[in-house]
Amino acid sequence: MGVHIYLKNSGDTTTIEKSEDGNKLEIKNYPLGVYTTARTWQRKSIYDFQGHINRLVYGLNNIRYVQNHEEFQNSDKEIVESEEISKVMEPLRDTEKFTVLIKKLIQMGMVAFYQENNKDELKMTILVTFDFKFTVPEIYIHICELPIQKSDTISVGSALLQRHNAKVKYSQWAKDRASYEEQLVEKNLNEIVMYDSDGNLYEGLSSNFYIYYNDTIYIAPEDAVLEGTIGKMVFKGCKEMNIPVRREFPKIKDIKKWAGAFITSTSRLVLPITKFYYNNELYELPVDATIVTIKQYVSEEIKNASIYVFPEMF
């Protein structure tokens, strides 16, 4: 997988480390914060760059850093940060200021990556945390080669599991899902889809989940899952192709009636599911032509939603 780039920004200091170790930025091992994972298009552009910025800023505006820990701001109680912390966090909670900072850091990381690697596309994970010792926000960026999918279809498992806060991509989730991710390798699965005690299907550990049923795409309600960046393109394509979309929970009880199912994520784009494991039972799923059409649409249209971020001088 070549040389990995690890960039750290702490206050006014930015450092870059190059390593062949691809596991140095394990989100679950870092201080809690918000994160996102992006991908390039034709080396120099980032798909849905502003969407990733908005995700991070939204998360930072819904977290308050107090007493050496993080709490979510909600309507049940008011959480008050110290004036000092609020002041240093202000630029990161402002979309315009944060965009300028992140774009500069990403450019630095991309230059470092392409100096060491002759790869077509890259994947980057951005994590924003807080250092209470020095009272400064910290930004970590990991850049590596974009993984290549080995198959056009996948096998997935399922688990009785849910996010605690679906609207914010909070790094606590990386800790919560760690034991389930180990099962992916053990059972040769690409993803695990979460469900509740009523048989409602939510999302994957790191993907959105859809089914095609009764000539309609079903995906869980907006407030129940984290909206993925690739999902925006799926919705756009469905609208253009007149494919109905319903924000309702897919039901496991209907699985034998599905015309197909698929996941979406930054690195995987659209991947149809042909094997679905639920309660140790295997269900083999068809791949309807509509899902193939959606997959082709996303693959072709990603370039139109990518923003050029690479510095002109390189």
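This structure is a prediction, so every number in the text was calculated from the model and none was measured.
With sequence neighbours excluded, no residue satisfies side chain to side chain donor-acceptor pair (under 3.5 Å) with Gln296. Annotation: side chain to side chain donor-acceptor pair (under 3.5 Å) contacts of Asp94 (sequence neighbours excluded): none. Here Ser82 pairs with nothing under the side chain to side chain donor-acceptor pair (under 3.5 Å) rule; sequence neighbours left out. Tyr210 meets the ring-ring contact (aromatic ring centres under 6.0 Å, His included) test with Phe262; sequence neighbours excluded. Partners of Tyr212 under the side chain to side chain donor-acceptor pair (under 3.5 Å) rule, at least two apart in sequence or in another chain, are Thr290. For Tyr297, there are no ring-ring contact (aromatic ring centres under 6.0 Å, His included) partners two or more places apart in sequence or in a different chain.
With a 6.0 Å cutoff to the six-membered ring centre and a 45° limit on the axis angle, Arg43 counts as a cation-pi contact of Tyr114.
Taking 4.5 Å as the limit, some side-chain heavy atom of Phe235 sits within range of a side-chain heavy atom of Ile219. Phe276 has its side chain out of reach of Leu282: every pair of non-hydrogen atoms, C-beta onward, lies at least 4.5 Å apart. In this structure the side chain of Thr125 never reaches within 4.5 angstrom of the side chain of Ile141, judged on heavy atoms. For the pair Arg64/Val80, no side-chain contact is recorded, criterion being any heavy-atom separation below 4.5 Å from C-beta on. Put simply, the side chain of Tyr140 reaches to within 4.5 Å of the side chain of Glu138, judged on heavy atoms. Proximity of Ile217 to Arg246: side-chain heavy atoms (C-beta onward) are nowhere separated by under 4.5 Å. Arg55 places none of its side-chain heavy atoms less than 4.5 Å from the side chain of Tyr35. Considering only heavy atoms from C-beta on, Ile53 comes within 4.5 Å of Ile102 through its side chain.
Defined by atom type and a distance below 3.5 Å, a donor-acceptor pair is missing between the side-chain atoms of Arg39 and Thr229. No hydrogens or angles considered: a donor-acceptor pair under 3.5 Å links the side chains of His52 and Thr36.
Of the possible donor and acceptor atoms, none in the side chain of Thr129 sits under 3.5 Å from a partner among the backbone N and O of Leu32.
Salt-bridge formation is not detected for the pair Glu301/Lys295: no Lys NZ or Arg NE/NH1/NH2 atom is positioned less than 4.0 Å from an Asp or Glu carboxylate oxygen.
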